[in-house]
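Report on the structure given below.
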Amino acid sequence: MALQSLDIWRRSATTTPSPQQREPIEVAKLIDVTKCIGCKACQSACQEWNDVREEIGVNVGTYQNPHDLTANSWTLMRFAEIEENGNLEWLIRKDGCMHCADPGCLKACPSPGAIIQYKNGIVDFAEENCIGCGYCIKGCPFNIPRLSEKDNKVYKCTLCSDRVSVGLEPACIKACPTQALVFGSKDDMKDHAAERIAELKERGFENAGLYDPQGVGGTHVMYVLHHADKPELYNGLAKDPQINPMVSIWKGITKPLALMAMAGAILGGFFHYIGIGPNEVEEDEEEEKA
Amino acid sequence: MSAHSDKYIQRYNAVERLNHWMTAITFILLMLSGFALFHPALFWLTNLFGGGTWTRILHPYIGVVMFVSFSSLALRFWHHNILSKNDIQWLKQMQDVVQNHEHKLPEVDRYNAGQKLLFWTMVTTIPLLLLTGIVIWQPWFTPFFPRNLDRFAVLLHAFCAFVMGTGIIVHIYAAIWVKGTMRAMVRGTVTRGWVKKHHPGWYKRIEQGQDH
């Protein structure tokens, strides 16, 4: 159910405006990967607050645990060991929904109200409206939504919309011991990021920068990266994420065009019948011998 | 034993008719459930199937039934649907076709070029719909395919459904337009006059005893 205290910017498979009279501020989570120590407190806090539990896994030689996002793990520390500028670097990125301004999941979803974009920027799944088709998974440029084997509904980070709606910060933010995670208005987060980026540049990270990809209209989860020129170093963070063109065509122009063409075919048939008329066998044709 | 009488000529036997209507019923169910998920304006159609989730669950199974049913139909009819030189000429005279100037058209055998093209359209789109449908079949198969193939499959599935749906609109209209056609698939027979007028080539062969 949509939270009444949060106005809705967009609603999946809905062609008329949703309630959006109020003007809430746009929020954002800033993830400063340069401050992250990989403690996974955010992962634990996420599961704690949202009442989901990951199965106990096995170690495959990396700190990454679980190995991927799941219907129970909506955020995940991804660990990468890379060599950059002659140094071994251990890059840790908190992965999860980016809360795109132009969400591919919402664009692809066929079920009205199963995906809701609040006016504050949060993109939320309303699982009771989810039909389990997996279209959001095709729509997402970040590979985030996960279909649950338990109920065939899709789950992902909610940016703790329930907490935010009552003026709290998301659970992961509250748990972070190094303030690598901060939450506030998107403008404030950008200002904060700019200060951090200036510091990083002073420390020699020339390419430090903010990750707020414009291909998806900007995101409401942003990263401060030491290597903003190479986001793919961070376990394949997309350099220029966009809704895949195949999804855009499918959920864009194809929908109205196909409907209009088919309605046109039916109408064309009707007008043909009225204008030219049926092709009948006359009685004399019937009686005449071969 | 001939099923023809003085008045009527048999066009389809009972098995052929049942096979056709099995395909038609599944087609209609698929169009209703498919369109429900294609455009938000048509999502209400999911109510016919017990809601969005049931629509998502049922659609692919009905699809498999249609594929099997259509395959059987295609095996029965393909040899009547080979395009001939006459058919090319027939298509060039589309103007005469739509204006009911049938006497100006080249001689049509059991099927005219429009019917044959529809047949081959179905032969192309239905297997593609099955293949792409398997790729996007949640939760069973989609996880085994790469994401971009999944995206391509859903786009191609929608396109093929559109082509098939438009083809069937023409197919249904043609049966309404050309009077006396419907009974071929309902009763199995058509009048002698109907055959002479619309399928003179076939009529000749019947008269010569070359066709049942």
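Any value given below was found using the heavy atoms of this structure, including those in side chains, with hydrogens, waters and symmetry copies removed. Every chain is numbered from 1, with letters handed out A, B, ... down the list of sequences.
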Who among [options] has the most heavy-atom pairs with chain B under 4.5 Å?
options: N152(A), I249(A), V247(A); answer: N152(A)
options: K251(A), K255(A), E149(A); answer: K255(A)
options: A13(A), S12(A), A261(A), G139(A); answer: A13(A)
options: T15(A), T14(A), I266(A); answer: I266(A)

Heavy-atom distance under 4.5 Å to chain A: side chain of F35(B), backbone, both or neither?
->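 The side chain, not the backbone.
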
What part of I169(B) gets closer than 4.5 Å to chain A, counting heavy atoms only: side chain, backbone, both or neither?
->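 The side chain, not the backbone.
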
Approximate separation, where rounding is to 0.5 Å, of [X] [atom1] and [Y] [atom2]:
X: Q99(B); Y: H272(A); atom1: CD; atom2: NE2; answer: 8.0 Å
X: I137(A); Y: D150(B); atom1: CD1; atom2: CG; answer: 8.0 Å
X: L42(B); Y: L259(A); atom1: CG; atom2: CG; answer: 5.5 Å

Give me the one residue out of K197(B), K179(B), H101(B) that meets side-chain contact (heavy atoms from CB on, under 4.5 Å) with N279(A).
->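 When side-chain contact (heavy atoms from CB on, under 4.5 Å) is applied between N279(A) and each of K197(B), K179(B), H101(B), only K197(B) qualifies.
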
For chain A, find which of T142(B), V195(B), T55(B), V98(B) contributes the most heavy-atom pairs closer than 4.5 angstrom.
->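 Looking at each option in turn, the highest pair count goes to V98(B).
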
Heavy-atom side-chain proximity of N148(B) to N244(A) below 4.5 angstrom =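 A side-chain contact exists here, since the closest heavy-atom pair is under 4.5 Å.
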
Non-neighbouring partners of F141(B) that pass ring pair (Phe, Tyr, Trp, His ring centres under 6.0 Å), sequence neighbours left out |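 F141(B): ring pair (Phe, Tyr, Trp, His ring centres under 6.0 Å) contacts with W137(B).
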
Side chain, backbone, both or neither of C130(A) within contact of chain B (heavy atoms, under 4.5 Å) =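 Backbone of C130(A) only, per the 4.5 Å heavy-atom cut-off to chain B.
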
